[in-house]
Amino acid sequence: MLFREKIHWVTLFTMIVAFGWYFINYPWQVVDMKAGVWATGAMLLVTAIGIIIVMTVATAFFAIRAPGEAHLKEDERDRVIHSRGTHLAYYPLVIGVWVNLGAAFYGLSQAGQINLLLATVVLAELVRIGSQIYLYRRGY
């Protein structure tokens, strides 16, 4: 397994765990109150710090184990895989933006809008990372 593919696997796992924790433990009973915005900010801070720590440790670990792979320049295959993954992530992102616009006009609370926007971005990232892993596994 290549260095970039390993990093994608760690990223996918980390995002699922971190944002799974976020959305499961979010205090949904306060989403319509001002406290919902503060809860969102505090939980996002914890989530972001956790992701940064895990990704830094994992990247350092894999780079130390295979320094030659870590320093390889991106080749045409990597660029194509990145481009296809980004292309596939565009669709859930656009649909999510339209859903967010509709929710804003419908009167969704500020914290609700933030969480819906966050869910949109997370879903698009999971599609991007997952498709890139699939393409690496497929041998593109």
Asker: Under a single-linkage rule joining Ile, Leu, Val, Met, Phe, Trp and Tyr whose side-chain heavy atoms are separated by less than 4.5 Å, which residues share a cluster with Leu108?
Answerer: Ile95, Val99, Leu116

Asker: For Leu126, what residues pass the side chain to side chain contact (heavy atoms under 4.5 Å, CB included) criterion, not counting sequence neighbours?
Answerer: Leu12, Met15, Ile16, Val122

Asker: Could you work out, with side chain to side chain contact (heavy atoms under 4.5 Å, CB included) as the rule, every residue matching Asp78, not counting sequence neighbours?
Answerer: Arg4, Glu74, Asp75, Tyr136

Asker: Residues in side-chain hydrogen bond (donor to acceptor under 3.5 Å, both in side chains) with Glu125, at least two apart?
Answerer: Arg128

Asker: Suppose we screen for salt bridge (charged side-chain N to carboxylate O under 4.0 Å, His left out). Which residues come up paired with Glu76, at least two apart in sequence or across chains?
Answerer: Arg79

Asker: Can you list the residues that meet the ring-ring contact (aromatic ring centres under 6.0 Å, His included) rule with Phe62, with sequence neighbours excluded?
Answerer: none

Asker: Assigning hydrophobic clusters by single linkage (Ile, Leu, Val, Met, Phe, Trp, Tyr; side-chain heavy-atom cutoff under 4.5 Å), is Val46 placed with Val54?
Answerer: yes

Asker: Between the main-chain N or O of Gly85 and the side-chain N or O of Gln132, is there a donor-acceptor pair closer than 3.5 Å?
Answerer: no

Asker: So, using ring-ring contact (aromatic ring centres under 6.0 Å, His included) as the criterion, who are the partners of Trp28 when residues are at least two apart?
Answerer: Tyr26

Asker: Taking only residues two or more places apart in sequence or in another chain, which ones pass side-chain hydrogen bond (donor to acceptor under 3.5 Å, both in side chains) with Arg65?
Answerer: none

Asker: For Asp32, what residues pass the side chain to side chain contact (heavy atoms under 4.5 Å, CB included) criterion, not counting sequence neighbours?
Answerer: Ser109

Asker: Mind checking ring-ring contact (aromatic ring centres under 6.0 Å, His included) for His87 and listing every partner two or more places apart, or none if nothing turns up?
Answerer: Tyr91

Asker: What residues, two or more places apart in sequence or in another chain, satisfy side-chain hydrogen bond (donor to acceptor under 3.5 Å, both in side chains) together with Arg137?
Answerer: Glu5

Asker: So, using side chain to side chain contact (heavy atoms under 4.5 Å, CB included) as the criterion, who are the partners of Ile51 when residues are at least two apart?
Answerer: Thr14, Ala18, Phe19, Thr47, Met55

